2 protein chains.
Amino acid sequence: MASNEVASSAKAKYLQIADDLAAQIKSGALAPGSAVPSEAELMQRYAVASGTVRKAIAELRTSQLIETHHGRGSFVRSRPPVQRKSSDRFRRAHRKAGKAAYLAEAEVSGGTPSVTVLFVGPTEAPADIAERLSVPVGTQVLARKRRYFRDGVPTEEATSYLPWDVVKDIPEMFAENPGGGGIYARLEEHGQQLAEFTETVRARLATKPETAALALSPGSPVIHLVRDAITSEGRVVEVCDTVMAADQFVLDYRFPAKD
Amino acid sequence: MASNEVASSAKAKYLQIADDLAAQIKSGALAPGSAVPSEAELMQRYAVASGTVRKAIAELRTSQLIETHHGRGSFVRSRPPVQRKSSDRFRRAHRKAGKAAYLAEAEVSGGTPSVTVLFVGPTEAPADIAERLSVPVGTQVLARKRRYFRDGVPTEEATSYLPWDVVKDIPEMFAENPGGGGIYARLEEHGQQLAEFTETVRARLATKPETAALALSPGSPVIHLVRDAITSEGRVVEVCDTVMAADQFVLDYRFPAKD
DNA sequence: TAGTGGTCTAGACCACCTT
DNA sequence: AGGTGGTCTAGACCACTAG
């Protein structure tokens, strides 16, 4: 049949369908975790072709309202509460109490945190990292890459880079678990008095590998944070490169109104 | 015809096409600003149906590699340099020199900044803002909403909320242009000694209105920043709610390793 | 095996932009 | 007017997941 009464002045059909479903989700008629009606059913209900239903579904997916699984169906997303990353988290008091930064936070944000160490070992410093560490590009540094979870869901992946001469006499740095208080506590025990941190924050869409690593749907935003740990002598002794699922985090900063 | 030799074990055709075009863009064969071949031509070149080409194009669009304009075509995006928002930007020295924060920054980041005031006037405080200002929800406050541009391109939209009793005797607050040094300079002239700022940073996808306001393509990420300006008496005298195009900004923070 | 989403076709008509 | 992208149809076959 060729009865194509296509979108005219009104809104596109697929958007109307998406809006309708979105309203049902927001009203709770479609509860979090529940299945969205199948494409076949939606085709019948709205009397449209498959392509139109699929575009509506795609719309909801990029709005992060649903997630769809091949062969199973589409399901309403449940938005877990976000974690807060406060600049307070590096307080020396926390380190002395034996807490690593990520644990100092998890206490406040609820949920059960866990970490997996993905890699610990020597690496050639990438250009941007090398610049921050003030070493030549390609210099051997220690990399510590780990993935953080909350309630079993991956939320964050972080890689720390440390100059070799700083870590070579600190055996804990090469262990999966660097001990109470984390690597910052170890650095301070070995004469590296931490004075200051700088963080640069960007937001962008996740790359393919990041969507895989953090179990994100494509088109999800991430926060990319790079932190320099600076000693009282002004040396950068660690650069930490972190990618976070954007919907999982709120960053808090506090700074004085300087002169 | 029904010769559907559909995706088998290999990659989907539309992804192959997208990858091919992406490679051409990255290699420079398709230069920034230049037109991507039309759908009709791509259909011929790759010998596929229109829908397949459109999916490939959609892929590139959500990767932020191209932008498409109805009736004109698709064009390779040129990535403009990013602005840096340093926490240094609120230095009192800058205010005394007559510079508003956004100008203090633009100096460093290149490009010509401009501002449009969208609204200045009394508003009922939304719930989250009211909480930060420690006033009851719905209390009348002064709202100042403006849009920032760089080289004529919208990059940021910000709304400041100030308690009525703070601003009622500061006539400049109701003007489009609050005068040299911006509203923070006016506040300090009227006895509000600013001591501290707090910022909370989130990243998420742009809403429909935000894509319109900031001329973004749908699915683009934004940075949502909310700043409290706090006086030496501990009162929050301004809350600034800002939405930024994520690809335009890098946020810089610096903080001491506190005890 | 039945049901689900994923890919693809070969068209159609519409809306926008340029000439 | 002619080209461009935007929407839509009515099917087809494939791949994944469940019972």
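On a predicted model such as this, the values are computed, not experimentally measured, just so you know. A note on names: the letters A, B, ... follow the listed sequences, proteins ahead of strands, and every chain is numbered from 1.
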(request) Decide whether B:Y46 and B:Q16 meet the rule of one side-chain donor and one side-chain acceptor closer than 3.5 Å. (result) no

(request) Send over the distance from B:K13 NZ to C:dG6 C1', rounded to a whole Å. (result) 14 Å

(request) Only stems of 3 or more consecutive Watson-Crick or G-U pairs count here, both distances under 3.5 Å; name the ones for DNA chain D, or none. (result) C:1-18 with D:1-18

(message) Taking side chain to side chain contact (heavy atoms under 4.5 Å, CB included) as the criterion, tell me which of A:L225, A:I223, A:L214, A:T159 meets it with A:V243.
(response) A:L214

(request) Give the nucleotide from the list C:dC8, D:dT7, D:dC8 with an atom nearest to the side chain of B:Y14. (result) C:dC8

(message) Test your reading of the model: is there a side-chain donor-acceptor pair from A:R202 to the backbone of A:V222, 3.5 Å cut-off?
(response) no

(request) Determine the sole option in B:E157, B:H224, B:R204 for which the side chain to side chain contact (heavy atoms under 4.5 Å, CB included) test with B:E210 is passed. (result) B:R204

(request) Would you mind reading off the distance between A:M43 atom CE and D:dC8 atom P, rounded to a whole angstrom? (result) 14 Å

(message) Less than 4.0 angstrom from a charged side-chain N to a carboxylate O is my criterion; do B:D241 and B:R132 meet it?
(response) no

(request) Could you check whether the rings of A:F75 and A:H69 sit parallel, tilted or perpendicular, using 30° and 60° as the cut-offs? (result) tilted

Distances under 3.5 Å between nitrogen or oxygen atoms of protein and nucleotides 3-5 of chain C:
residue	atom	partner	partner atom	Å
C:dG3	N2	A:G71	O	3.1
C:dG5	OP1	A:E39	N	3.4
C:dG5	OP2	A:E39	N	2.8
C:dG5	N2	A:H70	NE2	3.2
C:dG5	N3	A:H70	NE2	3.3

(request) Indicate whether any N or O donor in one side chain lies under 3.5 Å from an N or O acceptor in the other, for B:R146 and B:Y148. (result) yes

(request) Among the candidates D:dC8, D:dT7, C:dC8, find the nucleotide nearest to the side-chain atoms of B:A12. (result) C:dC8

(message) Looking at D:dG6, I'd like to know if its phosphate oxygens (OP1 or OP2) sit under 4.0 Å from a side-chain N or O belonging to A:K55.
(response) no

(message) So, applying side chain to side chain contact (heavy atoms under 4.5 Å, CB included) with A:E156, which one of A:R150, A:M244, A:R147 is it?
(response) A:M244

(request) Please name the residue in the list A:L21, A:D20, A:T52 that meets the side chain to side chain contact (heavy atoms under 4.5 Å, CB included) test with A:L42. (result) A:L21

(message) Looking at C:dT9, I'd like to know if its phosphate oxygens (OP1 or OP2) sit under 4.0 Å from a side-chain N or O belonging to B:T52.
(response) yes

(request) Rounded off to whole Å, could you give me the CD-to-C1' distance for the A:E67 and D:dC16 pair? (result) 16 Å

(request) Starting at atom CG of B:L42, determine the distance to atom P of C:dT9, rounded to an integer number of angstrom. (result) 13 Å

